[in-house]
Amino acid sequence: MPTYQRRDVLLQTLTSLGGLDTPWPVELVVVVDGSTDGSAEAARALTLPFPVTVVEQPNGGAAAARNNGAAHARGEYLLFLDDDMVADPRLLVEHDAVLGDGADGAVGHIPVHPDSPPTLLTPGVERWVRLRHERLTRTRGRLALGDLLTGQLSVRADLFAAAGGFDEHFNEGGSFGAEDTDFLHRLIETGADIRYAPGAVSHQRYVVTPDQYLRQWRQGGRADAVLVRKHPSLAAMLAAQHGAGTPVGRLLRRWAPAVPGRAGRALAGPVVARARSGSADLLTRWLFTRLRDAQYWRGFAEAGGSAPAGPVVLAYHAVEDVDDAVVGPWCVGPELLERHLDALTGAGFTWIDLAQFLAYLDGAALPPRSAMLTFDDGYASLLHAAAPLLERRGIPAVVLLVSDQIGGRNDWDTRRGAPELQLLTAQQLHELTGRGWTLGAHSRTHAHLVHADDATLADELAAPLADLPALGLPLEPVLAYPHGEHDARVRAATRRAGYAAAFALEGRRSSTSSRGRFAVPRVEVRRDTTPEQLVAAALAPARRPVQEIERELRGVARRLLALAGRRP
């Protein structure tokens with residue numbers, strides 16, 4: 001249970017936990033997120049019928065607090081509960097029933113507590129809760145994007161750890177919003193079975209003031225801007241949730257960010273004053289709702305809004321001229337590479353390194369027209385042909401290595417009749433890293449991962465993470481899929497293996513990927529790619545192949561059917 005500056009609300013919530021029916025031994029971990037109101041001391045003084053651990057941390061936001069609490073927890077399951085949730089005695093029993101039925105996690109019913117002070121906001125919250133409960137009951141728990149909440153969430157502890165917990169970038173500095181949607185969306189994308197538990201009830205003591213509410217919506221807009229950069233496929237749904245498809249919504253999205261702060265406060269002042277006074281007439285409610293939406297879109301714009309197209313990731317292989325029909329088309333000579341680099345730089349592209357790219361995937365901003373170089377397989381020609389060109393221009397690069405072939409040959413190609421090409425040795429890789437290059441993985445043997453059985457797949461992914469550091473090589477946990485091949489099983493296994501991101505070969509810009517950070521698309525560069533063609537490809541709008549759209553729709557259908565308790 002995370003808490004911040006709400007001592008009295010926290011104590012009422014903790015007292016309610018004393019009446020829980022406990023189907024198994026439980027513990028409570030309270031994380032005091034920088035509070036200075038005596039919350040920690042009060043929580044420690046409270047006597048409950050199970051062990052209580054109180055953890056204090058500097059104010060870092062809900063995501064950091066929940067991660068800290070999970071790190072201190074010892075149970076097989078985690079139940080995240082907000083500090084204003086008064087638990088029904090059967091809360092744990094109902095979660096136990098859903099988890100015991102095979103679910104990986106569950107979200108419950110969160111009606112407003114009857115003792116909550118009546119305000120302008122209370123009827124709207126009550127209506128949202130009622131309609132949500134009716135819809136989820138009617139659809140047998142088919143969760144929508146807006147249902148992905150952590151006010152009351154249970155999840156298997158091992159699944160939480162495998163997913164990497166909550167992304168703390170969303171709540172840095174104690175800000176509000178989106179970390180719960182991001183976490184549960186990532187779980188569902190990996191195939192996790194998250195269900196609605198209608199009998200799991202916690203009553204929310206809703207004590208948010210109008211000023212706090214507007215501040216939360218502005219912070220929520222900022223957080224959602226980060227969210228759509230991390231998960232571009234959610235952009236349309238988030239926009240629809242916030243009225244972007246209505247005439248008023250379109251107007252607010254366009255003009256709210258442009259209104260100067262002083263003018264905005266002058267326009268909002270009378271509405272906020274009426275809300276503070278307790279007025280709840282129809283006009284006040286309508287105006288306050290529009291003001292709320294304006295705050296959301298203002299925050300969304302402040303954090304980058306609908307950010308421009310993301311960085312271009314270029315995929316090269318050997319940097320040498322090879323006269324061979326099998327591998328020659330994928331080998332770019334040093335003269336052509338030099339022309340490629342100069343053309344992209346001349347077109348205004350800024351070269352970024354892997355650390356900047358990973359930060360972008362976590363929501364950080366990048367300069368417009370950013371580009372990153374990657375080289376698959378680790379050919380020896382990189383050291384003498386590519387490195388000098390990049391070094392003179394100050395351009396960083398990533399080389400993705402086949403860990404079983406360090407210092408070896410391209411066996412995966414020679415089996416198809418290609419000539420042998422020398423791969424970098426460990427000593428040469430040390431020299432490259434000393435010249436600013438970054439090392440990543442390209443599997444153990446360059447296998448076709450989509451055709452590998454589970455044991456082989458796990459080995460192909462895990463081996464580089466152990467083998468390359470054993471050689472003293474500073475490996476970063478990123479992977480390039482051999483042959484560019486991946487599917488849902490491979491992506492999930494890649495995440496479980498501990499990688500931070502994975503690259504595909506799909507000829508599209510990274511911001512358009514519907515698969516997020518575990519299928520980052522790259523523009524594959526060939527011997528016949530002219531500088532003009534490469535610049536055009538880097539600047540072109542994204543194109544999504546029909547086959548991918550069909551695969552995505554099939555995947556969505558399977559997930560929806562699974563959430564509804566059926567199987568295709």
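Side-chain atoms are counted along with the backbone in the values below, which use heavy atoms only and exclude waters and symmetry mates. Source: prediction; values computed, not measured.
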Charged N to carboxylate O below 4.0 Å: is that the case for Arg491 and Glu189? no
Tabulate below the donor-acceptor pairs under 3.5 Å that side-chain atoms of residues 88-98 make, not counting sequence neighbours, or state none.
unit_1: Asp88; atom_1: OD2; unit_2: Arg90; atom_2: N; d: 2.9
unit_1: Arg90; atom_1: NE; unit_2: Glu94; atom_2: OE2; d: 3.3
unit_1: Arg90; atom_1: NH2; unit_2: Glu94; atom_2: OE2; d: 3.1
unit_1: His95; atom_1: ND1; unit_2: Ser154; atom_2: OG; d: 2.7
unit_1: His95; atom_1: NE2; unit_2: Gln152; atom_2: OE1; d: 2.7
unit_1: Asp96; atom_1: OD1; unit_2: Trp24; atom_2: NE1; d: 2.7

(Q) Using the ring centroid of each side chain, check whether Tyr77 and Phe160 are separated by less than 6.0 Å. (A) no
The side-chain hydrogen bond (donor to acceptor under 3.5 Å, both in side chains) partners of Asp459 (sequence neighbours excluded) come to Arg444
Within the 6.0 Å centroid threshold, strictly below: Trp412 and His442:
no
Contacts satisfying ring-ring contact (aromatic ring centres under 6.0 Å, His included) that involve residues 134-157 (not counting sequence neighbours) are none
Could you tell me whether Arg127 atom CZ has more than 12 heavy atoms of other residues or ligands within 6.0 Å of it? no
Contacts of His133 meeting side-chain hydrogen bond (donor to acceptor under 3.5 Å, both in side chains) (sequence neighbours excluded), chain-then-number -> Tyr196
Margin query: Can a donor-acceptor pair be found, under 3.5 Å and without considering hydrogens, that links the side chain of Arg253 to the backbone of Ala239?
Written below: no
* Before accepting this row, confirm whether a basic side-chain N of the pair Asp362/Arg517 lies closer than 4.0 Å to the acidic partner's carboxylate O. => yes
- prompt: Does the distance from a Lys or Arg side-chain N to an Asp or Glu carboxylate O, for Arg522 and Asp376, drop under 4.0 Å?
  reply: yes
Side-chain donor/acceptor pairs under 3.5 Å, residues 15-23, sequence neighbours excluded:
unit_1: Thr15; atom_1: OG1; unit_2: Leu11; atom_2: O; d: 2.7
unit_1: Ser16; atom_1: OG; unit_2: Thr13; atom_2: O; d: 2.6
unit_1: Ser16; atom_1: OG; unit_2: Ala87; atom_2: N; d: 3.2

Using 4.0 Å as the upper bound for N to carboxylate O, is an ion pair formed by Arg156 and Asp104? yes
Contacts satisfying salt bridge (charged side-chain N to carboxylate O under 4.0 Å, His left out) that involve residues 70-79 (not counting sequence neighbours) are Glu27-Arg74
**Phe80/Phe166 under ring pair (Phe, Tyr, Trp, His ring centres under 6.0 Å): CA gap, chis, key distance, verdict** = CA-CA 12 Å; Phe80 295 98; Phe166 294 97; 5.4 Å; yes
